[in-house]
Amino acid sequence: MLTAAQRLHVSPAQLYRLRHQWLNDKTTFTPKPSGGDHRVPWPQPAHDFLAGCLPHSQPLNFSLLADELARQFDFHRSRAAVAAYVRQHFPQRVPALKRGPKPRRRWQCAAIGELWQHDSSPHPWWPADRYPSLILTLDDHSRKILGGTFAPSDTTWAHFTHFRPLLELHGPPAGLYTDGLSLFGHTSTADRLDTHSQFQRAFTALGTAHRVAPDAPAKGKIERRFGTLQNRLVTLLSYEKITDYAPANALLQTQIAWHNQYHVCRTTGLTPNAAWDLALKEKRNHHRSVPAVPLLDLHLALYLQRRLNADYTLDFLGKNWPVTPTPNKFVTIVHHPEQRFWVIPHLPNPANPVWPHVLAHHRL
């Protein structure tokens, strides 16, 4: 059969198709000349995009290219089709790829809001003096990316600022899953605060249990998302010549929206948005009710202890601030950096985490 195909200058598949036609009608069968290459040429904007983006795509990511062709030009091609086109038209851009490890199935929660996975990744997302940090939160059940933010530094306040719109939109989850490294452990962070106690205090008051993963593979869902975004965003940020936080965050939101709407999870067979909507329809939702704004002000803040001066003033941020007279020698500062702070006589009661009496409120 291979010899016959070579002599006829056709592929073995075409030869089998001709044989099938001949067997069905031996008397009237007449082979016709081939129509040549039936493939339709790709649109010139799609070709130009590949020519411009491939030098920035390191390592090469055909899935990203296929998604961007669909998103930017409404030109839908499979990852394999994009790979074949790139290998044909840009062979110098395709290095030999090594086979990676096989994917493994991971457990998942039964409801949305049962567990949020949360982490951050300082990375050379674009050329800068200090690595920008990507803060990301993902729902464990649906794999939906709930929020992402590029921040100049990995501080406790940056994480609280990231969480606030998520809590205002969805309400606190039943559990929060982070790693045990410097940001969420007991060592100092960029803001020199014990982030573990700040994090535990804030989310315990909001009714959320804080769980610490023993290692990175234990929270593989969000680690996988960081790997995907590193492969995609570094390429796109370079291609778009983005080197600042505002446009980088705008591009990040388009990628998050695309992932939630179109990325099909190989385990669930659903996109994150579809899995989320199905859980809502089936009333599998463990989110708590949305807290009142004053309670978010109280809990998503940095707590600092200070000693009052004899004239009922407080030394803070290089200035002297008046405070309502109180018998307490030590007070607690509820601080929103670069915005405002409150002075309260003692820490809120964990059993009833509401605002105590406020001794002072100053805007910065």
Side-chain angles (χ1 to χ4, degrees), residues 118-123 125 128-137 146-169 172 176 178 181-206 208 210 244-246 248-249 252 291-309 313-324 330-348 353-364:
H118 178 78
D119 205 352
S120 60
S121 173
H123 187 74
W125 300 99
D129 295 337
R130 296 179 58 184
Y131 283 175
S133 185
L134 174 59
I135 303 174
L136 209 63
T137 304
L146 301 174
T149 311
F150 280 117
S153 57
D154 215 356
T155 62
T156 311
W157 178 244
H159 284 259
F160 283 165
T161 303
H162 162 86
F163 268 115
R164 178 139 187 172
L166 305 186
L167 298 174
E168 290 175 341
L169 179 62
L176 186 68
T178 68
L181 300 179
S182 60
L183 182 63
F184 305 104
H186 299 280
T187 59
S188 295
T189 61
D191 50 15
R192 300 189 178 278
L193 293 174
D194 183 356
T195 312
H196 183 273
S197 62
Q198 297 279 342
F199 227 72
Q200 291 277 23
R201 179 227 1 116
F203 281 91
T204 299
L206 294 171
T208 297
H210 180 205
D244 202 4
Y245 288 93
N249 276 312
L252 173 63
V293 171
L295 291 183
L296 290 177
D297 289 338
L298 172 64
H299 301 309
L300 295 182
L302 306 182
Y303 283 18
L304 306 167
Q305 299 294 317
R306 286 292 188 275
R307 183 185 180 94
L308 278 181
N309 298 324
T313 60
L314 183 73
D315 296 326
F316 185 54
L317 299 176
K319 294 184 180 181
N320 190 259
W321 307 87
V323 177
T324 301
F330 292 90
V331 293
T332 299
I333 296 177
V334 180
H335 185 206
H336 289 193
E338 300 181 359
Q339 297 180 14
R340 53 187 172 171
F341 70 90
W342 295 262
V343 180
I344 56 179
H346 54 77
L347 292 172
V354 298
W355 274 99
H357 177 62
V358 177
L359 301 176
H361 179 205
H362 298 284
R363 294 190 178 274
L364 301 176

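Note that the coordinates shown come from a computational prediction; the quantities given were computed from them, not determined experimentally.
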May I ask you to decide if [Y]'s main-chain N or O and [X]'s side chain share a donor-acceptor pair within less than 3.5 Å?
X: W321; Y: H362; answer: no
X: T324; Y: L359; answer: yes
X: R307; Y: D315; answer: no
X: H118; Y: L136; answer: yes

Closest approach of [X] to [Y] (non-hydrogen atoms, all atoms of both residues):
X: G148; Y: N249; answer: O-OD1, 4.5 Å
X: A158; Y: S153; answer: CB-O, 3.7 Å
X: P322; Y: A360; answer: O-CB, 3.7 Å
X: H335; Y: L364; answer: NE2-CD1, 3.8 Å
X: P353; Y: P348; answer: CA-CB, 4.5 Å

From [X] [atom1] over to [Y] [atom2], what is the distance, rounded to the nearest 0.5 angstrom?
X: H159; Y: D154; atom1: NE2; atom2: CG; answer: 4.0 Å
X: L176; Y: F163; atom1: CG; atom2: CZ; answer: 4.5 Å
X: F150; Y: L252; atom1: CZ; atom2: CG; answer: 5.0 Å
X: H299; Y: W355; atom1: NE2; atom2: CH2; answer: 9.0 Å
X: R363; Y: F341; atom1: CZ; atom2: CZ; answer: 12.0 Å
X: L347; Y: T332; atom1: CG; atom2: OG1; answer: 4.0 Å

Determine whether [X] and [Y] make a side-chain contact, defined as any pair of heavy atoms from C-beta on separated by less than 4.5 Å.
X: L167; Y: L300; answer: yes
X: Y245; Y: P132; answer: yes
X: I344; Y: H357; answer: no
X: L296; Y: L206; answer: yes
X: F316; Y: V343; answer: no

Notebook entry, point to check: With under 30° as parallel and over 60° as perpendicular, where do the rings of F160 and W157 fit, or are they tilted in between?
Noted result: perpendicular
Margin query: Is it the case that atom OH in Y131 sees more than 12 heavy atoms from other parts of the structure closer than 6.0 Å?
Written below: no
Check: Should the heavy atoms of other residues, nucleotides or ligands under 6.0 Å from CD of E338 be counted, would the total exceed 12?
Finding: no
Note to self: Between V293 and R164, is the side chain to side chain contact (heavy atoms under 4.5 Å, CB included) condition met? List the steps.
What the structure shows: CA-CA 10 Å; V293 171; R164 178 139 187 172; 3.3 Å; yes
Margin query: Given the ring of Y303, does R201 sit roughly above its face, with NZ or CZ under 6.0 Å from the centre of the six-membered ring and within 45° of the axis?
Written below: yes
Notebook entry, point to check: W342 and side-chain contact (heavy atoms from CB on, under 4.5 Å): which partner among L298, I333, D297, V331?
Noted result: D297
Check: L134 and H123: side chain to side chain contact (heavy atoms under 4.5 Å, CB included), yes or no, with the steps?
Finding: CA-CA 8 Å; L134 174 59; H123 187 74; over 6 Å; no
Note to self: Just by distance, no angles: are the side chains of H210 and T204 close enough, under 3.5 Å, to form a donor-acceptor pair?
What the structure shows: no
